[in-house]
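What follows is a set of notes on a single structure, which appears directly below.
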Amino acid sequence: MTASSTKTNLPDPERFMHTSGATDAVWVHKQPFSALPRFSALDRDLTADVDVVVIGAGIAGIHVAYELVQRGRRVVLLEARDVLSGESGRTSGHLTNDLDDGYLEIAKKHDEGGARVAAESHAWARDRIGEIARELGIECEYRKLPAYDISQYAVGSEGNKEELQELKEEAKFQRCLGIESRFNENLTVRGWTGKPDQRGGIVVENQATFHPTRYLAGVLEWLKQQPNFQCYTRTRVVGIHEKGVEMLGMGHKSVTIDTEAGHTVKAEYAVEATCIPLQKLSVVAELEYYRSYCIAVRVPKGSVEDCLLYDNAEEYKYVRLTACDDKDDYLVVGGCDHKVGQEETTPRFDELEKWTRERFTQAGKTDYRWSGQIFEPIDYMAFIGKNQGNDKIFIVTGDSGDGLTHGVLAGRLIADEIEGKANIWASLYDPKRLGSIIKTLPSMVKHDIQINTQYKRFLQTDITDIEELGKGCGGVLNSSTSQPLAVYKDEEGKTHKYSALCPHMKGVVCWNHVEKSFDCPVHGSRFSKDGICITGPAKANLSPADKAGAADQEDAAGAGM
């Protein structure tokens with residue numbers, strides 16, 4: 001089944017208000033967009049009685065809001081589109097402290113003490129979701145299960161022996177950190193009925209998984225009932241300002257939030273839980289930006305072991321189960337990562353299909369295909385805490401493929417810091433940390449050079465004539481006499497034009513065939529086919545270059561309101 005055939009019946013341009021791509025994640029099977037909590041747009045200034053403004057209604061923003069509301073703080077949650085329209089709705093739903101970067105590598109950047117804090121904090125976040133689900137009565141498929149880490153190579157092939165030795169050493173180090181980990185040279189996965197034979201690997205007990213949007217919708221429904229919580233959607237933030245002076249305990253600072261519609265929110269603190277801060281550089285330059293792909297394949301219920309599975313490749317595969325119907329489960333298989341806007345997107349699903357069917361011969365129809373975005377910090381740990389240069393503005397960014405647990409622990413870290421409560425995890429995630437960043441300088445320089453080469457697109461064009469575009473396709477038209485244009489031709493053959501320059505750092509965007517979006521290869525900002533900003537660090541849409549483009553953006557801004 002193709003990506004387009006799994007798309008829900010949402011009218012354009014409203015689709016990109018609900019999610020950040022043309023495809024749908026498997027989570028809509030049990031939790032359609034229409035079943036998510038709804039909120040209105042901000043229609044006035046809020047200049048009093050607000051303690052904390054949280055920007056971004058994904059797992060990080062929702063958990064920051066939850067922890068603060070629980071502690072009696074008055075919280076306003078703002079979202080540029082609809083709740084769960086970002087990466088939290090496109091995750092694969094793994095909850096683990098078996099971090100994919102590996103603790104031996106993490107210790108090289110953060111020492112053994114930092115690795116221990118990483119293991120402890122992610123374990124807390126993994127379990128915290130289960131606690132909240134039980135307390136609030138949220139049915140979200142939360143369950144504990146083992147994780148298996150295996151070699152990417154078949155037994156007897158080149159590379160297998162070396163990788164198994166690496167896994168054995170990793171398991172030993174994980175045990176030193178308090179993780180329930182062991183190496184099993186005969187490890188097999190029940191239901192792996194095909195070839196190749198990839199026996200052997202790490203068993204990590206007490207990991208977990210869940211249905212992410214059902215869980216987060218449940219938390220939001222609880223928050224809606226609290227008198228010290230407000231949420232406004234379709235409210236794009238375009239400015240965050242820290243004002244005032246504090247010195248030697250004297251004076252006072254506060255935060256002012258400006259929205260695209262012209263309304264202002266004033267608060268004591270602001271939290272940017274937007275996947276990536278809405279700013280030019282700083283930590284933005286300390287991240288790498290990747291697309292990752294998933295498929296959901298029907299398998300007979302009970303035919304595959306309920307576990308989390310990872311191979312040891314650089315662009316590793318990750319596997320889990322989720323409910324489908326009385327007869328089948330969905331085997332959710334992900335991987336095939338690549339840098340945003342720098343590689344072709346369409347071959348990835350075929351690679352995942354091939355990998356899955358070679359190993360799980362009972363695999364049936366593929367019902368869902370989708371992709372999401374990963375923000376990879378250069379030293380493996382997320383940036384959670386006060387933004388560089390600020391005292392009242394906090395950020396949560398750098399999910400490193402573990403955005404669910406990073407988002408949950410961000411709630412505790414930021415709530416503790418706002419209350420002045422010491423937290424032994426804080427220094428590991430501090431956005432102002434230097435030690436681990438200095439250790440990573442060689443790779444950071446290499447990354448910066450590679451990013452700067454993406455400005456080569458000022459000298460390139462995807463098409464030389466708009467007539468070259470097929471219906472439902474986009475591309476960049478770059479002539480020598482004018483600025484590059486991002487052009488989309490709709491299914492009726494009508495063209496819509498926008499500036500192809502990303503508002504963030506003026507990179508030239510690329511067309512993403514899978515998600516029907518324009519993606520920036522410089523710092524990962526993404527825009528719908530209508531030019532609507534769906535992923536930062538850009539704060540604004542692509543500028544319309546014709547009446548059709550302007551009309552679509554106006555329609556999208558008001559859709560469903």
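In this text the structure is predicted, and so the values were computed from the model without any measurement.
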- Message: Looking at Lys30 and Glu139, is there a salt bridge between them, counting it only when a charged N and a carboxylate O are closer than 4.0 Å?
- Response: no
Taking CD in Glu169 as the centre, count heavy atoms belonging to other residues, nucleotides or ligands within less than 6.0 Å. Is the count above 12? yes
- Task: Would you confirm whether Arg357, through its side chain, and Gly364, through its main-chain N or O, come within 3.5 Å as a donor-acceptor pair?
- Result: yes
Of all heavy-atom pairs linking Leu278 and Ala538, the shortest is CD2-O, 4.0 Å
So OG of Ser400 and CD1 of Ile106: to nearest 0.5 Å the spacing works out to 7.5 Å
* Asked: Mind checking whether Ile384 and Arg412 have side chains closer than 4.5 Å, heavy atoms only?
  -> no
Are Arg90 and Glu515 within salt-bridge range, i.e. N to O under 4.0 Å? yes
Show, in sequence, the C-alpha distance, side-chain angles and deciding distance for Val204 and Thr96, and conclude whether the side chain to side chain contact (heavy atoms under 4.5 Å, CB included) test is met.
CA-CA 9 Å; Val204 188; Thr96 176; 5.8 Å; no
### Message
Could you check whether Arg320 pairs with Asp329 (Lys NZ or Arg NE/NH1/NH2 to Asp/Glu carboxylate O, under 4.0 Å)?
### Response
no
Decide yes or no for Tyr290 and Glu315: does some side-chain heavy atom of the first lie under 4.5 Å from some side-chain heavy atom of the second? no
Going by an N to O cut-off under 4.0 Å, is there a salt bridge joining Lys365 and Asp328?
no
Nearest heavy-atom approach of Gly524 to Thr535 is O-CG2, 4.0 Å
Within the structure provided, determine whether Gln342 and Pro521 are in side-chain contact (heavy-atom separation under 4.5 Å). yes
Looking only at atom types and distance, does a side-chain atom of Glu163 sit under 3.5 Å from a main-chain N or O of Gln152, one as donor and one as acceptor? yes
**Request:** Assign the ring pair Trp370 / Trp27 to parallel, tilted or perpendicular, where the plane angle (0 to 90°) is split at 30° and 60°.
**Result:** perpendicular
Between Leu220 and Pro37, the two heavy atoms sitting closest are CB-CG, 3.9 Å
On a heavy-atom basis, the closest approach of Val284 and Tyr289 is O-OH, 2.6 Å
request  = Scan side-chain atoms only and decide if Asp100 and Tyr316 contain a donor-acceptor pair under the 3.5 Å cut-off.
outcome  = yes
* Just do the side chain to side chain contact (heavy atoms under 4.5 Å, CB included) check on Asp311 and Trp355 with the steps written out, would you? => CA-CA 11 Å; Asp311 72 15; Trp355 188 94; 3.9 Å; yes
Notebook entry, point to check: Step by step, would you call Gln207 with His94 a side chain to side chain contact (heavy atoms under 4.5 Å, CB included)?
Noted result: CA-CA 9 Å; Gln207 304 304 295; His94 294 232; over 6 Å; no
Measure from the side-chain N and O atoms of Glu170 to the backbone N and O of Gly102, and report whether any donor-acceptor pair falls under 3.5 Å.
-> no
Between the OG1 atom in Thr356 and the CD atom in Glu351, the distance rounded to the nearest 0.5 Å is 10.0 Å
With a 3.5 Å cut-off and no angle check, do the side chains of Ser282 and Asn387 form a donor-acceptor pair?
no
ask   = Run the side chain to side chain contact (heavy atoms under 4.5 Å, CB included) check on Leu352 and Val297 step by step: do they pass?
value = CA-CA 10 Å; Leu352 288 175; Val297 184; over 6 Å; no
Of all heavy-atom pairs linking Gly341 and Cys510, the shortest is O-SG, 3.2 Å
Q.
Over 60° means perpendicular and under 30° means parallel, so tell me whether His18 and Phe33 are parallel, tilted or perpendicular.
A. parallel
Is a side-chain donor or acceptor of Lys529 paired with a backbone partner of Gly474 at a separation under 3.5 angstrom?
-> no
Q. Is there a side-chain contact between His406 and Ile59, using heavy atoms and a 4.5 Å cut-off?
A. no
From the list Ile532, Val509, Asp530, side chain to side chain contact (heavy atoms under 4.5 Å, CB included) partner of Tyr498 resolves to Asp530
Rounded to the nearest 0.5 angstrom, the CD1-CG distance for Ile150 and Asn184 is 12.5 Å
Quiz prompt | Donor-acceptor contact below 3.5 Å, side chain Thr19 vs main chain Phe16 | solution = no
> What do the steps show when you test Asp24 against Arg15 for salt bridge (Lys or Arg N to Asp or Glu O under 4.0 Å), and what is the final call?
Replying inline: CA-CA 10 Å; Asp24 288 326; Arg15 153 163 291 279; 3.1 Å; yes
Legend entry - Audit row: Lys354, Glu358, salt bridge (Lys or Arg N to Asp or Glu O under 4.0 Å) steps and yes/no: CA-CA 6 Å; Lys354 183 174 184 291; Glu358 283 178 348; 2.7 Å; yes
_Side chains of Thr405 and Asn97, heavy atoms from C-beta outward: is any pair under 4.5 Å?_
no
Separation between SG (Cys520) and NE2 (His504), nearest 0.5 Å, reads 8.5 Å
ask   = Got Leu321 and Val299 here, is their nearest side-chain heavy-atom distance under 4.5 Å?
value = yes
Between Glu141 and Ala323 the two heavy atoms that sit nearest each other are OE1-N, 3.4 Å
Within 6.0 angstrom of Arg199 CZ, more than 12 heavy atoms from elsewhere: no
Value for NE2 (His29) from OG1 (Thr213), rounded to nearest 0.5 Å, stands at 12.0 Å
(message) With side-chain hydrogen bond (donor to acceptor under 3.5 Å, both in side chains) as the criterion, how do Asp337 and Ser292 come out once you've worked through the C-alpha distance, each side chain's angles and the decisive distance to 0.1 Å?
(response) CA-CA 4 Å; Asp337 302 4; Ser292 191; 2.6 Å; yes
Does the side chain of Ser517 come under 3.5 Å of the side chain of Asp519 through a donor N or O and an acceptor N or O?
yes
Check: So do the side chains of Gln373 and Cys275 get within less than 4.5 Å of each other, counting heavy atoms only?
Finding: no
Practice task
Could you please spell out the steps behind the ring pair (Phe, Tyr, Trp, His ring centres under 6.0 Å) verdict for Tyr103 and His110?
Solution key: CA-CA 10 Å; Tyr103 284 96; His110 301 277; over 10 Å; no
**Prompt:** Honestly, is Arg126 close enough over Phe210, meaning NZ or CZ under 6.0 Å from the six-membered ring centre and within 45° of the axis?
**Reply:** no
The single option from Lys144, Arg190, Arg143 that satisfies salt bridge (charged side-chain N to carboxylate O under 4.0 Å, His left out) with Asp306 is Arg143
Would you mind reporting whether Glu305 and Leu145 have side-chain heavy atoms less than 4.5 Å apart? no
Cationic N near anionic O, under 4.0 Å, Arg369 to Glu353 = yes
Separation between CD (Glu272) and CZ (Phe383), nearest 0.5 Å, reads 14.0 Å
